[in-house]
Amino acid sequence: METKTFYITTPIYYVNANPHLGHAYSTVVCDALARFHKLRGEDVRFLTGTDEHGDKIAKSAAKQGRSPQEFVDEISSHFRNLWPKLDIQNDYFMRTTNPEHVRLVQKFLQKVYDNGDIYFGEFGGHYCTGCERFYTEKELVNGLCPQHLTKPEYIKEKNYFFRMSRYMPWLRQYVLDHPDFVRPDRYRSELLGLIDSGGLEDLCISRPKSRLSWGIELPFDRDYVTYVWFDALLNYITALGWPDGPDYKKYWPGEHLVAKDILKPHGVFWPCMLHSAGLPVYQHLNVHGYWLMRDTKMSKSLGNVVHPERMIELFGSDAFRYFMLAEMHFGSDANFNYDALITRINSDLANDLGNLFSRVLTMTAKYEDSVVPQPRDKTEEDRAITDLCSTALRNFSDLFGNVHFARAIDALWELVRALNKYVDTQAPWALAKEGKTERLKTVLYVLLASMRKVALALWPVMPHAATLMLQQLGEEIKEGEKPNLTIDDEIACFGGLYPGTKVAPSSNIFPRIDTKAMLELLEKESKAEMEKAAAAKKVAEGAADAKKDEAVLPNVTFDQFKACDLRVGTVKVCEKLPKSDRILRLMIDFAEGQPRQILSGLAEFYKPEELVGRQVIAVLNLEPRKIRGAMSNGMVLTAEKDGKLTLIAPSVPMPDGSRIG
RNA sequence: GGCAAGGUAGCUCAGUUGGUCAGAGCAUGCGGUUCAUACCCGCAGUGUCGAGAGUUCAAAUCUCCCCCUUGCUACCA
């Protein structure tokens with residue numbers, strides 16, 4: 001029989017920043033899945049890597065006065081160096097600057113081009129030279145770049161496009177035909193929603209070299225480089241040596257794991273690219289959510305970021321991995337809460353699992369000289385445990401394989417708890433006292449043999465600790481090596497632990513953590529970090545403000561200013577504009593005979609009723625404009641700070657229609 | 001406003017196709033035990049399963065409507 005293969009990938013991480021918790025999580029999940037499939041006896045390959053091309057990187061490098069290659073070499077190494085600390089065992093580490101990758105991307109592009117799925121077309125947009133990017137009509141603020149408040153240039157640029165739209169019907173059908181193509185299910189619906197929304201047009205895949213040089217040249221036009229997705233997504237197969245490499249032939253199609261923010265490229269672009277090139281599509285796309293901090297997204301500027309390295313220093317890789325896998329329900333967002341982390345470590349690992357090992361191994365030392373005893377006749381209680389071993393492991397295996405990691409771990413802990421209970425009900429110490437040695441041997445054997453199964457199942461989750469546990473139970477296994485056992489065998493029969501095996505005299509793999517002291521330490525550290533971040537933010541904001549002020553506007557002539565008809569008016573009627581969230585419809589009296597209708601984006605800051613009767617200042621001779629189906633004949637003046645708007649009004653009431661000037 | 005996902009014990013969440021589904025873990029209280037990492041075991045709870053209406057012999061589970069949260073999206077002359 002041919003050995004089943006399993007190929008899993010993380011996204012390749014963009015090297016404009018150092019690795020954070022999200023990267024760590026994605027990679028740990030993939031590692032755990034890879035190890036899990038190894039335990040199933042499969043032939044496994046696991047890929048991770050870094051994405052190193054693009055505008056942002058070229059600019060970050062320039063800012064530091066370094067070449068892009070130097071820059072990406074360094075950041076990429078931060079990722080590469082972190083993984084061993086998390087016991088990640090990847091088989092490949094792909095960098096998009098790798099020459100072989102570059103060559104194969106070009107080969108793939110050529111192939112798609114030859115198939116007629118890439119065409120040369122025109123692409124028009126508002127280009128801001130300050131930002132070095134295009135803005136859509138909608139993104140512009142008053143026709144100006146939102147960053148620089150300067151007028152962007154409308155550039156028509158020729159570019160290459162991937163004819164993706166033609167594959168939408170195919171993709172839709174493919175997703176419908178493959179219920180677990182994207183999982184969990186919610187993201188599958190989201191993908192179908194994306195497809196059905198019809199907003200998916202052909203994909204612009206190039207940039208002229210004149211504007212962006214840090215990328216892979218198009219093989220059919222050396223004046224252009226690929227832009228983003230062809231370069232990045234293709235790593236999943238270039239790592240395997242597509243099209244002729246033996247690994248490609250053996251391991252593709254595999255499956256991917258991504259965070260929810262890149263569902264679209266992986267769920268839409270990538271399958272279309274593969275299909276266009278005539279390659280089989282991946283088997284599953286596993287999508288996970290975000291880690292939050294107190295229900296808020298982690299961000300550097302808030303200083304509420306979790307540092308994987310620090311977590312490993314404080315708690316060890318095993319506990320950290322365990323927490324991430326047990327705490328996040330795969331697919332949903334989860335809170336990374338230090339309290340919960342310590343609770344998990346203390347109750348699940350120290351109290352339940354660690355203490356089980358400690359008490360059983362101590363008793364085995366005391367009563368059996370640390371040698372696995374020969375079991376005798378089994379009682380009903382023993383059978384209950386051996387049955388539970390089998391069902392718990394089966395549940396664990398089924399759930400884990402379907403990316404329900406938290407539930408899988410729960411299923412395993414049913415067994416751990418039952419074992420602690422079994423110790424209490426069987427009371428080996430009492431058996432010893434009463435001289436019931438036969439029974440004592442059986443009880444200890446049942447315990448040791450069950451613990452061995454727990455340890456084995458945990459190898460994907462906590463490789464280091466599981467190895468230690470297995471070693472303590474006399475299993476011949478070396479650190480960093482895969483156990484020479486399969487989970488299916490362990491489900492099928494209870495044995496596996498041989499009487500006569502020497503086991504460890506004691507165990508202390510999961511020490512308890514002093515909750516209070518640890519929380520204080522963490523509190524202190526995160527407070528310091530938040531203050532630092534706040535200070536940095538202030539400086540950055542100051543700089544931005546200064547820049548904004550500088551950026552303001554060329555001089556206008558007195559006549560130009562006078563051309564604005566600014567007047568005081570009183571709000572007579574105010575209501576929310578139907579079908580809009582932010583816009584209020586105001587009827588304002590400027591002593592023109594009848595009130596004038598002006599729309600304004602104030603709904604977030606003012607309730608309609610509180611504006612009625614207030615005086616405001618508005619520009620009256622602005623071009624009327626239709627918004628959401630209603631006409632706006634002017635603009636109400638406001639002052640803005642940090643996105644909050646305040647209405648401007650005369651300091652004392654003035655007659656309606658009074659001129660400002 | 002549109003689309004999507006959620007609202008179940010103090011907290012984090014399970015609840016496949018409607019009928020032991022009202023649950024688990026943590027936290028809380030009481031009791032037991034001593035092999036053990038002040039650990040483990042037992043018992044005890046608390047819930048109008050977001051609100052309301054409907055379908056049904058029967059709904060957390062299906063339908064409708066409403067409220068709230070989150071994400072994407074539209075509107076800010």
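Letters A, B, ... mirror the listed sequences (proteins, then strands); counts begin at 1.
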Salt bridge (Lys or Arg N to Asp or Glu O under 4.0 Å) involving Arg321(A) - partner list, sequence neighbours excluded: Asp31(A)

Are any protein N/O atoms closer than 3.5 Å to N/O atoms in nucleotides 68-70 of chain B? If there are, list each pair with its distance.
none

Can you check whether Trp291(A) reaches Met324(A) side chain to side chain, under 4.5 Å on heavy atoms? yes

Consider the side chain of Asn351(A), meaning its heavy atoms from C-beta on, and name the nucleotide among C35(B), U37(B), C40(B) that approaches it most closely. C40(B)

Suppose you measure atom P in C57(B) against the same atom in G18(B); what distance do you get, rounded to whole Å? 16 Å

What stems show up for RNA chain B when you take Watson-Crick pairs (N1-N3 plus N6-O4 or O6-N4) and G-U wobbles (N1-O2, O6-N3), both under 3.5 Å, and require three or more consecutive pairs? B:1-7 with B:67-73, B:10-13 with B:23-26, B:28-32 with B:40-44, B:52-54 with B:62-64

Taking the basic N atoms (NZ, or NE/NH1/NH2) and the acidic carboxylate oxygens, is any pair closer than 4.0 Å for Lys260(A) and Asp333(A)? yes

Aromatic ring pairing Tyr338(A)/Phe336(A), orientation class (parallel under 30°, perpendicular over 60°, tilted between): perpendicular

Take atom P in G45(B) and the same atom in G52(B), then report the distance between them in whole Å. 26 Å

Residue-phosphate contact under 4.0 Å: Ser507(A) side-chain N/O, U37(B) OP1/OP2: no

Which of residues 616-624 of chain A sit near RNA chain B, with a heavy atom under 4.0 Å from it? Leu622(A)

May I ask you to say what Phe357(A) touches in the nucleic acid, namely base, sugar-phosphate or nothing, with a heavy-atom cut-off under 4.0 Å? nothing

From C39(B), G15(B), C35(B), nucleotide with atom closest to Asn355(A) side chain: C39(B)

Is any NZ, NE, NH1 or NH2 atom of the basic residue among Asp382(A) and Arg376(A) found under 4.0 Å from an Asp or Glu carboxylate oxygen of the other? no

Who pairs with Tyr322(A) by ring pair (Phe, Tyr, Trp, His ring centres under 6.0 Å), at least two apart in sequence or on another chain? Trp413(A)

Would you give the length of the straight line joining atom OH of Tyr25(A) to atom NE2 of His288(A), rounded to the nearest 0.5 angstrom? 6.5 Å

Atom P, compared across G47(B) and A60(B): separation rounded to whole Å: 15 Å

Are Asn395(A) and Arg407(A) linked by a side-chain donor-acceptor pair shorter than 3.5 Å? no

Name the nucleic acid region contacted by Ile583(A), choosing base, sugar-phosphate or nothing; use a 4.0 angstrom heavy-atom cut-off, strictly under. base

Please report the distance separating the C1' of U17(B) from the corresponding atom of U73(B), rounded so that it comes out in whole Å. 34 Å

Does a side-chain N or O of Arg407(A) approach OP1 or OP2 of G15(B) to a distance below 4.0 Å, or not? yes

With sugar-phosphate meaning primed atoms plus P, OP1 and OP2, does Ser358(A) contact a base, only sugar-phosphate, or nothing at under 4.0 Å between heavy atoms? base

When the C1' atoms of U16(B) and A59(B) are compared, how many Å lie between them, rounded to an integer? 16 Å

Produce the list of close N/O pairs, under 3.5 Å, pairing protein atoms with atoms of nucleotides 41-46 of chain B; give distances to one decimal.
unit_1	atom_1	unit_2	atom_2	d
C41(B)	O4'	Asp424(A)	OD2	2.5
G42(B)	OP1	Lys421(A)	NZ	2.8

Exercise answer: donor-acceptor pairs, residues 630-639 of chain A side-chain atoms, under 3.5 Å, sequence neighbours excluded:
unit_1	atom_1	unit_2	atom_2	d
Ser632(A)	OG	Leu599(A)	N	2.9
Ser632(A)	OG	Gly634(A)	O	3.3
Asn633(A)	ND2	Gln597(A)	O	3.2

Kindly say if Asn508(A) contacts the phosphate of U37(B), meaning a side-chain N or O under 4.0 Å from OP1 or OP2. no

If you check the Thr362(A) side chain, which of U37(B), A77(B), A36(B) turns out closest? A36(B)

Treating Asp202(A) as the side-chain partner and Met164(A) as the backbone partner, does any N or O pair qualify as donor plus acceptor under 3.5 Å? yes

Verify the contact: side-chain N or O of Arg512(A) to OP1 or OP2 of C39(B), cut-off strictly under 4.0 Å; return yes or no. yes

Is it the case that the ring center of Phe320(A) lies less than 6.0 angstrom away from the ring center of Phe315(A)? no

Going by the rule ring pair (Phe, Tyr, Trp, His ring centres under 6.0 Å), which residues pair with Phe510(A) if we only count those two or more places apart in sequence or in a different chain? none

What are the atom names and distances for every N/O pair under 3.5 Å that joins the protein to nucleotides 3-11 of chain B?
unit_1	atom_1	unit_2	atom_2	d
A5(B)	O2'	Arg186(A)	NH2	2.9

Name all pairs fulfilling the ring pair (Phe, Tyr, Trp, His ring centres under 6.0 Å) condition that reach into residues 417-452 of chain A, sequence neighbours left out, sorted by first residue then second. none

For Arg172(A), enumerate each residue passing the salt bridge (Lys or Arg N to Asp or Glu O under 4.0 Å) test, keeping only those at least two apart in sequence or located in another chain. Asp196(A)

Can Asp514(A) and Arg512(A) be counted as an ion pair, charged N to O under 4.0 angstrom? no

Using the closest heavy atom to pick a nucleotide of RNA chain B for each, name whichever of Lys576(A) or Ser347(A) lands nearer the 5' end. Lys576(A)

Could you check which of A14(B), A36(B), U37(B) has an atom nearest any side-chain atom of Phe510(A)? U37(B)

Sugar-phosphate, base or nothing in reach of Leu361(A), heavy atoms under 4.0 Å: nothing

Sequence neighbours left out, cut at 3.5 Å: what donor-acceptor pairs do the side chains of residues 360-372 of chain A make with other protein atoms?
unit_1	atom_1	unit_2	atom_2	d
Thr362(A)	OG1	Ser358(A)	O	2.5
Thr364(A)	OG1	Val360(A)	O	2.7
Glu368(A)	OE1	Lys441(A)	NZ	3.2
Glu368(A)	OE2	Lys441(A)	NZ	3.4

Sticking with atom P, work out how far U8(B) lies from C3(B), rounded to a whole angstrom. 24 Å

Counting N and O atoms only, with roles assigned by atom type, does the side chain of Asp318(A) sit under 3.5 Å from a partner on the main chain of His464(A), one being a donor and the other an acceptor? yes

